[in-house]
Every structure is written in C-alpha cells, then in structure tokens.
Amino acid sequence: MTDHRVIAVEEHFTTRAYLERAHGLDFAPGDRTEVELTRAVESLEPTRSRLLDLDTRLAAMDAAGQDMALLSLNPPGVQPYAPADAAGLARDFNDELAQIVRDRPSRFGGLATVAPQAPEEAAAEIERAMGPLGLHGIMINSHTRGHYLDEPQFAPLLAAAEAHHAPVYLHPRVPSMLDQYSRYGMSGAIWGYAAEASLHAMRLILSGTLDRHPGLSIILGHLGEGIPYYLKRIDNRHAFAARTQGAATTMPHLELTPSDYFRRNFTITTSGIDDPDALDLALRAVGDSNIMFAIDAPYEDTAQSVAFLRTAPLTDTQRANISHNNAERVFGLT
Ligand code: MN
C-alpha cells in the first residue's frame, strides 16, 4: 500500500496541573461512581504515566508509524464539576494543550475542553480555542449532570461551535441512567458508553437541533456508537411514527430524514473497533468521506490499531480518506 499519513483523532491525555486541581474538587453526587473510578485510573500506574507522558506517546507513535494525534482531555473531563470550577479548569487546561500543539504542530493537534454547565463561558471558550489558541475543535463527554445538548440552555454553546467552525467530538461517558447499567460491569466501554453516546446523538437528530444548527460538525467514535447499523430502521420507524402519531407525541417535524442528518452532520471514527466487518458496514452506511481513524489511546493499543488501518480490506482511496484526508478536512489539520 501507499504509505499514507496516519492521523488518530480520539487520543486522551492529561496534565499534572489539571490532575492536581481536579482531584481536589467536589462533584455532582450522581457522578460519584464515574469520578472515583476516573481518579483511580488517573492516579495508578501504568495508566497515569500513559496519560501524562507525551514523550513516551511519541515513541509509540513513531514505532507504529503514526504521524499525528489529535489530543483531548481524559473523559469525563470537567463535566462533573460545579460550573465556575469547571469553566476555570477548562481554560487552564486549554492553555496547556495549546502550548503542546504549538511546540509540536506536526505531531499534535488538540480538541479543547469546555464546561457545558456554564454555557456562556463555554461559548466564549470555543471562540478562544478556535481563535488565539489555535485548537481544532472541542470534545464533549456526553451528558452533563444528566442534561443533553438538545436542551435549550446549551443553545449558546452550539451556536458558538457552528459560528467558529468547531467540530464537536461527542465522546461517551458512564450513562446518566447509571442504575440500569451499574451491574455486571456494563456501565463502561463494554456497553454503557455506546448506549449513552448514541442516545445523545439521537437526541440531537430527533429534536430538530440540527435544523436550528445545520452547520454543526459532530464526531462520534466507535464507528458511530452503533447508529450505522440501525440507520434504515431509524428512518423507517421515524417516518411511520411521524405519519401515525405526529400530533399525539412530542416528535418535532424534521426537515430531513434521520439518516440525512447522520450523513450531513456527523463523521464517525474507528476508535476501539478493529473489526473489518463492522468497518465494511460503516462504509456502506456513511461512505469513506465520513470515517476517520482513531485509536483511543492510551486505552487501546497504538501498534494494533495502526496495523488494522494498514491491513483492513480497503481501496487505496478509502484508506487515504480514513487515514488522513477526512481528519485534515474536518479538523483543519494541515
Ligand atoms: Mn475515548
């Protein structure tokens, strides 16, 4: 194969200054399970070093042939914290991230962190991130204290993302309906993350939010959190429900079909799914212009993920698009 540039777009890290402040803060009671688990993960080796040490990460990138990583704060980031604390944490973290990107612009890009629980501050931070800080978008770790971006209080955040061309990476976290996912280890990446992130994406689609913000660019990891598998059924059942129950439900009129929004406003990434059959389905569902490579480092293995990208059954054009062209277009990475 041609040696395509390799850009991975869901790559988590943190900083010592961030951990020192964040681990001392109070958080929303409903977020206790997730925050305590996150703090343990961020404090214990080897994950602590893998999150903090960018030189070791660069060595792993070099060994695997990965050119660039689009960095983001370790989930769930600032979203469990009180609004003023979260907004301040986000600004300081974004300053550090911007310096990392300025120091090594050919190796690192950055997705800013914002505090949705402080929507006006989040809007200002998006403008700062996409302007003076030179970052490439934002990451939102799904719900914020049980609230979702289709709710009206988040309109300023979405308007700023649209106005400043900030792609929004909608990353999973432990479901807001934690009770129903708390057994059998289901709340995390095995199932709860996809349930939570797909719920959030479907709320954005079915609420009409993307009629109000048609220019939003939203990224979903994990090959679209299951949605590509269901697109035909979603369209079919949405049309049926709109015909038969429209007046009796809270279903808003949509200008497009659900799958139209998914193909227009969303890009999906391969994070955590090294499965050629799932990738093939995703390609047929959304096309090779809407899929980007991601690893989900340090939680997935860099060498294994890059090997999958290099060997997956793709045409050269498909591999070039997934490997770098789409990330360059969506995030403005040059
Ligand atoms: Mn991730």
### Query
Any side-chain donor-acceptor pair under 3.5 Å between Tyr148 and Ser176?
yes
### Query
Are Glu225 and His200 close enough that some pair of their side-chain heavy atoms sits under 4.5 Å apart?
no
#### Entry: Least distance between heavy atoms, Gly77 atom then Pro80 atom
O-CD, 3.4 Å
### Message
Can you confirm whether the side chains of Ser259 and Asp235 place a donor and an acceptor under 3.5 Å from each other?
### Response
yes
### Query
Counting distance only, does the side-chain N/O of Asp260 pair as donor-acceptor with the main-chain N or O of Leu256 below 3.5 Å?
no
### Task
May I ask you to decide whether Arg104 forms a salt bridge with Asp55, counting only side-chain N to carboxylate O separations under 4.0 Å?
yes
### Task
Verify the cluster assignment for Met292 and Ile140: are they in a single hydrophobic cluster under the rule of side-chain heavy atoms below 4.5 Å apart?
no
### Message
Check this for me, if you would: do Asp280 and Arg284 make a salt bridge, where the nitrogen-to-carboxylate-oxygen distance has to be below 4.0 angstrom?
### Response
yes
### Message
When you measure from the side chain of Asp301 to the backbone of Gln304, do you find a donor-acceptor pair of N or O atoms at a distance under 3.5 Å?
### Response
yes
### Query
Can you check whether Pro228 reaches Leu281 side chain to side chain, under 4.5 Å on heavy atoms?
yes
### Message
Tell me whether His136 contacts the main-chain N or O of Gly110 through its side chain, where contact means a donor paired with an acceptor under 3.5 Å.
### Response
yes
### Task
Assess the side chains of Asp211 and His253: does a donor N or O sit below 3.5 Å from an acceptor N or O?
no
#### Entry: Residues that, via side-chain heavy atoms closer than 4.5 angstrom, fall in one hydrophobic cluster with Phe27
Phe13, Tyr18, Leu19, Leu25, Val35, Leu52, Leu54, Leu58, Met61, Leu71, Leu73, Val78, Tyr81, Leu89, Phe93, Leu97, Ile100, Val101, Phe108, Leu133, Leu135
### Query
For the atom pair CH2 (Trp191) and OH (Tyr181), what is the distance rounded to the nearest 0.5 Å?
8.0 Å
### Message
Any side-chain to backbone donor/acceptor pair from Asn265 onto Pro214? Under 3.5 Å, distance only.
### Response
yes
### Task
Take Ile295 and Ser271, measure what side chain to side chain contact (heavy atoms under 4.5 Å, CB included) needs, and give me the verdict at the end.
CA-CA 5 Å; Ile295 296 169; Ser271 56; over 6 Å; no
### Query
So how far is it from Ser106 OG to Arg5 CZ, rounded to the nearest 0.5 Å?
8.0 Å
#### Entry: Where at least one partner belongs to residues 190-207, residue pairs that pass salt bridge (Lys or Arg N to Asp or Glu O under 4.0 Å), sequence neighbours excluded
Asp150-Arg203, Glu151-Arg203
#### Entry: ILVMFWY cluster, Phe331 and Phe293 together (side-chain gap under 4.5 Å)
no
### Message
Side chains of Gln79 and Thr144: any donor to acceptor distance under 3.5 Å?
### Response
yes
### Query
Side chains of Gln66 and Thr302: closer than 4.5 Å at any heavy-atom pair?
yes
### Message
Could you check whether any side-chain heavy atom of Phe262 comes within less than 4.5 Å of a side-chain heavy atom of Asn290, counting everything from C-beta outward?
### Response
no
## Note on the structure
What one should report as the nearest heavy-atom pair of Ala294 and Thr269 is CB-OG1, 3.6 Å
### Message
Would you say that more than 12 heavy atoms from the other residues, nucleotides or ligands in this model lie under 6.0 Å from the CZ of Phe308, or not?
### Response
yes
### Message
Once you measure the plane-to-plane angle for His171 and Tyr169, does it fall in the parallel (<30°), tilted (30-60°) or perpendicular (>60°) bin?
### Response
tilted
### Query
Among side-chain atoms of Thr209 and Ser207, is any donor-acceptor pair under 3.5 angstrom?
yes
### Query
Would you find more than 12 non-hydrogen atoms of other residues, nucleotides or ligands less than 6.0 Å from Tyr299 atom OH?
yes
### Task
Report yes if the side chains of Asp274 and Leu279 come closer than 4.5 Å at any heavy-atom pair, otherwise no.
no
### Query
Within the distance-only criterion (no hydrogens, no angle test), does the side chain of His143 pair as donor or acceptor with the backbone N or O of Val174 below 3.5 angstrom?
yes
### Query
Do the non-hydrogen side-chain atoms of His238 and Thr257 ever get within less than 4.5 Å of each other?
no
### Query
Taking atom types as modelled and ignoring hydrogens, do the side chains of Asn141 and Tyr193 form a donor-acceptor contact shorter than 3.5 angstrom?
no
### Message
My understanding is that only one of Arg145, Arg173, Arg39 makes a salt bridge (charged side-chain N to carboxylate O under 4.0 Å, His left out) with Glu34; could you say which?
### Response
Arg173
### Query
Taking all atoms of both residues into account, what is the closest heavy-atom pair of Gly287 and Ile291, and its distance?
O-CG1, 3.6 Å
#### Entry: Nearest-0.5 Å distance that lies between atom CG in Leu157 and atom CD in Glu162
12.0 Å
### Query
Under the side chain to side chain donor-acceptor pair (under 3.5 Å) criterion, do Arg329 and Asn326 qualify, and how do the steps go?
CA-CA 5 Å; Arg329 182 190 76 244; Asn326 297 332; 2.9 Å; yes
### Message
Salt bridge check, Asp92 against Arg21: does any charged N sit closer than 4.0 Å to a carboxylate O?
### Response
yes
### Task
Please say which of Thr317, Asn321, Thr315 ends up in a side chain to side chain donor-acceptor pair (under 3.5 Å) with Asp288.
Asn321
### Query
Is there a donor-acceptor pair closer than 3.5 Å between any side-chain N or O of Glu45 and the backbone N or O of Ser49?
yes
### Message
Are Leu210 and Ile218 packed together at the side-chain level, in the sense that at least one heavy-atom pair is separated by less than 4.5 angstrom?
### Response
yes
### Message
Regarding Asp3 and Arg310, does a basic nitrogen lie under 4.0 Å from an acidic carboxylate oxygen?
### Response
yes
### Query
Can you hop from Val9 to Met68 via hydrophobic side chains spaced under 4.5 Å?
yes
### Query
Do Leu170 and Phe154 belong to the same hydrophobic cluster, where Ile, Leu, Val, Met, Phe, Trp and Tyr are linked whenever their side-chain heavy atoms lie under 4.5 Å apart, directly or via other members?
yes
### Task
May I ask you to check whether Gln99 and Asp103 show a side-chain donor-acceptor distance below 3.5 Å?
yes
### Message
Please give me the minimum heavy-atom distance between Leu309 and Ser323, naming the atom from each residue.
### Response
CD2-OG, 3.6 Å
### Query
Does Arg263 reach the main-chain N or O of Val286 with its side chain, forming a donor-acceptor pair under 3.5 Å?
no
### Query
Hey, is the main chain of Asp179 close enough, under 3.5 Å, to the side chain of Ser182 for a donor-acceptor pair?
yes
### Task
Over all heavy atoms of both residues, which pair between Gln117 and Ala86 is shortest? Give the atoms and the distance, please.
NE2-CB, 3.3 Å
### Task
Measure the spacing between CD1 of Ile7 and CG of Leu70 and express it to the nearest 0.5 Å.
8.5 Å
### Task
Decide yes or no on side chain to side chain contact (heavy atoms under 4.5 Å, CB included) for Val168 and Ile219, but give the supporting numbers first.
CA-CA 6 Å; Val168 180; Ile219 297 93; 5.9 Å; no
### Query
Sub-3.5 Å donor-acceptor pair from the side chain of Asn94 to the main-chain atoms of Thr113, do we have one?
yes
### Query
Which distance, rounded to the nearest 0.5 Å, do you find between the CD of Glu300 and the CD of Glu10?
9.0 Å
### Summary
All heavy atoms of Leu158 vs all of Leu149, minimum pair found to be CD1-O, 3.4 Å
### Task
Find out if a path of hydrophobic residues (ILVMFWY) with successive side-chain heavy-atom gaps under 4.5 Å connects Met130 to Leu111.
no
### Ion pair check, Arg91 and Glu121, cut-off under 4.0 Å
no
### Message
Does any part of the side chain of Ile234, heavy atoms only, come nearer than 4.5 Å to the side chain of Ile227, both counted from C-beta?
### Response
yes
### Message
For Arg48, is there any backbone N or O sitting under 3.5 Å from a side-chain donor or acceptor partner on Glu42?
### Response
no
### Query
What distance separates Leu314 CG from His4 NE2, expressed to the nearest 0.5 Å?
9.0 Å
